[in-house]
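Shown next, in structure tokens, is the structure this report addresses.
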Amino acid sequence: MDDPFTKLPEDFVSEIISRTSPLDASRLAVVSKGFKSAAESDPVWDKFLPGDCFEIVSTSVSPVVYSTKKELYFSLCHSPILLDAGNLVAKLKSVCWLDIRGKIKTHMLSSSTTYGAYLVFKLAERSYGLESVNAVVRFVNDEADSDAEERAAILHLQRSNARHGSRQQTGQLPVRRNDGWMEIEMGNFYSDKGDDGEAEARLIEIKRLGGKSGLIVQGIEFRPQA
């Protein structure tokens, strides 16, 4: 049976797909031959990238190599880049899904040592939606994302707006550092992977779809614990 979508102009299909999401576009690419070319095209994935994406990428400490806009999108998703000699701090404007990851190769760590992963951050004057988030630390090759999420710890990046007399917040709370930044422990792990492992610390909140804004991230630090 002929695929009816092959009869539509590709630019017409691309315009439709660009109004969906990266996940939808990836799915549509395998659903129909008529969708595949359009769903993987630069005009579609250009709509999923920030408007100032190429200006940002041009300041990366390391070159960002890609041949298509789709490759660039997934490269930025899975391989974070350092900007302006590594001195630029990220500020969350407004999102519904929050998913921040930091990774480190275990060959950079001391063996037979317990490490803690710490989110170093500040909150903008007008911040919201960050009362409760989840955090998990895992060895990338040993545990799947879904399994790690099941044991995620609860973190509170800002005070709850709950009224007096209601249940107290339970979970990890931040502390203020001498340099003016806040930090909160995301989890810990025991370093025994030698040169073959990779540890990941992840801050995540994708179940409550309310807006989140005002998080200023300096980075994630991996430090030995006493």
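We count residues from 1, following the sequence as given.
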Under 3.5 Å donor-acceptor, [X] side chain and [Y] backbone:
X	Y	value
S18	E15	yes
S132	H156	no
E143	F139	no
S41	A38	yes

Shortest non-hydrogen contact from [X] toward [Y]:
X	Y	answer
N134	A152	CB-CB, 3.8 Å
S58	E55	OG-O, 2.6 Å
L72	C53	CD2-SG, 3.9 Å
A25	V44	CB-CG1, 4.4 Å
G102	F222	O-CZ, 3.7 Å
S127	Q158	OG-NE2, 3.1 Å

Do [X] and [Y] share a hydrophobic cluster (ILVMFWY, side-chain heavy atoms under 4.5 Å, transitive)?
X	Y	value
F121	I220	yes
L215	M182	yes
M108	Y190	no
F54	F48	yes
L123	V175	no

Review point. Hey, mind stepping through I216 and W181 against side chain to side chain contact (heavy atoms under 4.5 Å, CB included) and telling me if it holds?
Key: CA-CA 10 Å; I216 303 171; W181 289 87; 4.2 Å; yes

Does any non-hydrogen side-chain atom of [Y] lie less than 4.5 Å from one of [X]?
X	Y	value
L92	L98	yes
I17	T20	yes
N188	Q225	yes
V120	R177	yes
E200	V137	no
V133	I204	no
T106	E198	no

Point to revise | Sole residue of P22, S21, S26 in side chain to side chain contact (heavy atoms under 4.5 Å, CB included) with D24 | key: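 Option passing the side chain to side chain contact (heavy atoms under 4.5 Å, CB included) with D24: S21.
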
**Study point:** SB check D145 R138 (cutoff 4.0 Å)
**Key:**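 Salt bridge between D145 and R138, a charged N being under 4.0 Å from a carboxylate O: yes.
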
Review point. Could K212 and E131 be called an ion pair, given the rule that one side-chain N must be under 4.0 Å from one carboxylate O?
Key: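 No.
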
Review point. Would I100 and R202 count as a side chain to side chain contact (heavy atoms under 4.5 Å, CB included) if you check the C-alpha gap in whole Å, the side-chain angles of each, and the deciding distance to 0.1 Å?
Key: CA-CA 6 Å; I100 300 174; R202 183 184 182 198; over 6 Å; no

Mind checking the [atom1]-[atom2] spacing from [X] to [Y]? Nearest 0.5 Å is all I need.
X	Y	atom1	atom2	value
T114	D192	OG1	CG	9.5 Å
L119	Q172	CG	CD	11.5 Å
Y128	S94	OH	OG	4.0 Å
L203	I184	CG	CD1	8.5 Å
K70	D42	NZ	CG	11.5 Å
I56	L76	CD1	CG	9.0 Å

Check your understanding: Can you check side chain to side chain donor-acceptor pair (under 3.5 Å) on E10 and S37, steps first, answer last?
Key -> CA-CA 8 Å; E10 183 172 311; S37 178; 2.9 Å; yes

**Study point:** E71 vs S75, side chain to side chain donor-acceptor pair (under 3.5 Å): CA-CA, chis, key distance, verdict
**Key:** CA-CA 6 Å; E71 283 186 12; S75 174; over 6 Å; no

Review point. Do we get R223 above Y115's six-membered ring, with its NZ or CZ under 6.0 Å from the centre and within 45° of the axis?
Key: no

Review point. More than 12 non-hydrogen atoms from neighbouring residues, nucleotides or ligands closer than 6.0 Å to NZ on K69, yes or no?
Key: yes

Point to revise | salt bridge (charged side-chain N to carboxylate O under 4.0 Å, His left out) between R176 and E183, intermediate numbers included | key: CA-CA 6 Å; R176 185 173 298 277; E183 74 172 29; over 6 Å; no

Review point. Would F74 and W45 count as a close aromatic pair, with their ring centres under 6.0 Å?
Key: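 Yes, they do, as the ring centres are separated by less than 6.0 Å.
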
